[in-house]
Amino acid sequence: MVLYFSGTGNSTFVATTIANFLNQKLLFIPEIEPSQLEFSGDRLVIIFPVYSWGVPPLVVKFIENIPQNIFEWIIERDIPVDCVMTCGDEVALAPEMIQKVFNKKGVRINSVRSVIMPNNYVLLPGFDVDSKELENKKLKLAEGRIMEITQAILRQDKGIDVVRGSIPWLKSRLVYPLFKKWGVFPQKWHFLPSCIGCGKCARICPLSNVKMVEGNPNWGRRCCSCLGCYHICPVHAVEYGKETKKKGQYIFPLKEIATKNFH
């Protein structure tokens with residue numbers, strides 16, 4: 001079974017590819033009630049993007065709320081558990097974070113691996129999407145990396161194989177907590193007069209937090225900062241305060257993956 005979370009399509013592509021090669025059922029985390037999760041398959045792979053050098057709070061909460069009997073079933077049958085993280089460049093101490101979450105459930109993760117994908121975080125000064133040239137380069141390299149990871153999962157290779165980057169402890173232990181506390185302000189999302197009311201921002205939201213009211217998007221308080229609503233806008237009419245002014249947009253480019261909901 002492959003469980004995944006994705007906002008702009010990077011992790012969707014990785015999860016779909018891996019699930020197909022491993023012949024495993026694919027489940028989108030926001031669409032599942034943890035208490036009703038039914039395990040299937042001969043392995044568990046969890047795939048998600050790295051948020052501010054850490055594990056998305058939504059993913060942490062989901063794992064924490066999975067009934068203990070599911071984890072006992074995994075332990076009793078020695079089901080291998082692997083984790084794949086997508087990132088713009090590096091993951092810092094995110095592997096230790098996800099292992100800590102599983103440790104509380106009595107499960108040891110078999111492996112943690114990372115895949116570098118195009119950047120999509122634009123909510124802070126100095127952060128923007130990659131150039132088209134770099135985006136294409138990352139996507140090309142990612143294809144081989146995903147196949148490499150899939151083969152390693154099939155062999156049940158153990159260990160951590162990620163790009164950590166410099167001063168990982170500072171990024172994960174200082175910046176990530178700040179992101180969790182101050183990095184998500186749903187009230188800062190708004191639309192510009194150029195909005196055409198297409199509703200794509202509402203359809204892509206994994207938490208159904210964006211609703212169309214009288215032809216325009218309105219944001220609730222359940223934002224997870226995936227930025228899907230910002231990047232999907234065809235006329236660049238979605239903004240987050242003033243932070244996204246003159247910033248670029250990115251959505252995973254393959255049509256067979258980039259569906260209307262990206263899940």
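Scope of the values below: all heavy atoms of this structure, side chains included, with no hydrogens, waters or symmetry mates.
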Do any N or O atoms from the side chain of His231 and from the backbone of Tyr250 form a donor-acceptor pair under 3.5 angstrom? yes
For a 4.5 angstrom cut-off between non-hydrogen side-chain atoms, does Trp219 reach Val238? yes
Is there a side-chain contact between Tyr51 and Cys226 (heavy atoms, below 4.5 Å)? yes
Pairwise distance CD1(Ile74) to CD(Gln68) - rounded to 0.5 angstrom: 9.5 Å
Does Lys247 offer a backbone N or O that forms a donor-acceptor pair with the side chain of Thr244 under 3.5 Å? no
Would you tell me whether Asn10 and Thr86 have side-chain atoms, one donor and one acceptor, within less than 3.5 Å of each other? no
Sequence-distant partners of Glu64, salt bridge (Lys or Arg N to Asp or Glu O under 4.0 Å), two or more places apart: none
Which pair of non-hydrogen atoms, one from Pro95 and one from Ala92, has the smallest distance, and what is that distance? CD-O, 3.6 Å
Validation: residues 146-158 side-chain donor-acceptor distances under 3.5 Å, sequence neighbours left out:
residue : atom : partner : partner atom : Å
Glu148  : OE2  : Arg145  : NH1          : 2.6
Thr150  : OG1  : Ile146  : O            : 2.8
Arg155  : NE   : Asp157  : OD2          : 3.0
Arg155  : NH2  : Asp157  : OD2          : 2.7
Lys158  : NZ   : Asn110  : OD1          : 2.8

Ile75: side-chain contact (heavy atoms from CB on, under 4.5 Å) partners, not counting sequence neighbours: Val107
Examine Ile46 and Ile32 and state if one hydrophobic cluster contains both, with Ile, Leu, Val, Met, Phe, Trp and Tyr joined whenever side-chain heavy atoms are less than 4.5 Å apart. yes
Where do Ile63 and Lys105 come nearest, in terms of heavy atoms and distance? O-CE, 3.5 Å
Any chance you could measure Arg43, atom CZ, to Gln24, atom CD, to the nearest 0.5 Å? 6.0 Å
Only pairs at least two apart or in different chains count here, so list each salt bridge (Lys or Arg N to Asp or Glu O under 4.0 Å) that has a residue in residues 114-139. Asp89-Lys138, Asp130-Lys138, Lys132-Glu135
Is there side-chain contact between Ser166 and Lys171, with heavy atoms separated by less than 4.5 Å? yes
Would you check if Pro217 and Cys195 make a side-chain contact, meaning some heavy-atom pair closer than 4.5 Å? yes
In sequence, state the C-alpha distance, the side-chain angles, and the governing distance for Leu139 and Met117, and then conclude on side-chain contact (heavy atoms from CB on, under 4.5 Å). CA-CA 6 Å; Leu139 289 172; Met117 299 289 284; 3.9 Å; yes
Phe48 side chain reached by Cys83 side chain, heavy atoms, under 4.5 Å: yes
Mind running ring-ring contact (aromatic ring centres under 6.0 Å, His included) on Phe28 and Tyr4 for me, showing each step along the way? CA-CA 5 Å; Phe28 185 56; Tyr4 79 103; 5.1 Å; yes
For a quick test of reading the model, state the closest non-hydrogen atom pair linking Gly54 to Met97 and the distance between them. CA-SD, 3.5 Å
How many angstroms lie between atom CG of Leu22 and atom CG of Asp42, to the nearest 0.5 angstrom? 8.5 Å
Is there a donor-acceptor pair closer than 3.5 Å between any side-chain N or O of Ser172 and the backbone N or O of Trp53? yes
Could you name each residue pair satisfying ring pair (Phe, Tyr, Trp, His ring centres under 6.0 Å) that touches residues 92-121, not counting sequence neighbours? Tyr121-Phe127
Considering all heavy atoms, the nearest Glu90-Val50 contact: O-CG1, 4.3 Å
With Phe179 via ring pair (Phe, Tyr, Trp, His ring centres under 6.0 Å) - residues at least two apart: none
If I take atom CD1 from residue Ile79 and atom CD1 from residue Ile70, how far apart are they, to the nearest 0.5 angstrom? 11.0 Å
Does CD in Glu38 sit with more than 12 non-hydrogen atoms of other residues, nucleotides or ligands closer than 6.0 Å? no
Step through the shown structure and confirm whether more than 12 heavy atoms of other residues, nucleotides or ligands are within 6.0 Å of CG on Asn69. yes
Cluster question for you: counting only ILVMFWY and a side-chain heavy-atom cut-off of under 4.5 Å, with indirect links fine, are Leu174 and Ile167 together? yes
Counting N and O atoms only, with roles assigned by atom type, does the side chain of Glu239 sit under 3.5 Å from a partner on the main chain of Leu192, one being a donor and the other an acceptor? no
Got a second to check how far Ile116's CD1 is from Cys87's SG, nearest 0.5 Å? 5.5 Å
Parallel, tilted or perpendicular: which describes the rings of Tyr230 and Trp189, with under 30° parallel and over 60° perpendicular? tilted
Should we count CH2 of Trp73 as having more than 12 external heavy atoms under 6.0 Å? yes
Is Glu96 paired with Arg164 through a side-chain N to carboxylate O contact shorter than 4.0 Å? yes
Please give me the minimum heavy-atom distance between Met1 and Ser40, naming the atom from each residue. CB-O, 3.1 Å
When you look at Val112 and Met85, which way does the side-chain contact (heavy atoms from CB on, under 4.5 Å) test go after all the steps? CA-CA 8 Å; Val112 182; Met85 303 176 171; 3.9 Å; yes
Find the distance between CZ (Arg221) and CG (Leu207) and round it off to the nearest 0.5 Å. 15.0 Å
Exercise: identify the closest heavy-atom pair between Ile66 and Pro34: N-CB, 3.9 Å
When you measure from the side chain of Ser114 to the backbone N and O of Val163, does any donor-acceptor pair fall under 3.5 Å? yes
Side-chain heavy-atom pair Arg108, Asn103 within 4.5 angstrom cut-off: yes
Derivation of the side-chain contact (heavy atoms from CB on, under 4.5 Å) call for Asp82 and Arg113: CA-CA 8 Å; Asp82 296 276; Arg113 297 180 174 85; 4.1 Å; yes
Starting from the C-alpha separation in whole Å, work towards a yes-or-no answer on side-chain contact (heavy atoms from CB on, under 4.5 Å) for Ile18 and Ile47. CA-CA 10 Å; Ile18 290 177; Ile47 301 171; 4.0 Å; yes
Hey, quick one: are Val213 and Phe191 part of the same hydrophobic cluster, counting side-chain heavy atoms closer than 4.5 Å, chains of contacts allowed? no
State plainly whether one hydrophobic cluster holds both Tyr176 and Leu170, where clusters connect Ile, Leu, Val, Met, Phe, Trp and Tyr through side-chain heavy atoms under 4.5 angstrom apart. yes
Please say yes or no: joined through hydrophobic side-chain contacts below 4.5 Å, possibly via intermediate residues, are Leu227 and Leu178 part of one cluster? yes
Would you mind reporting whether Ser11 and Phe5 have side-chain heavy atoms less than 4.5 Å apart? no
Any donor-acceptor pair under 3.5 Å linking the side chain of His190 with the backbone of Lys188? yes
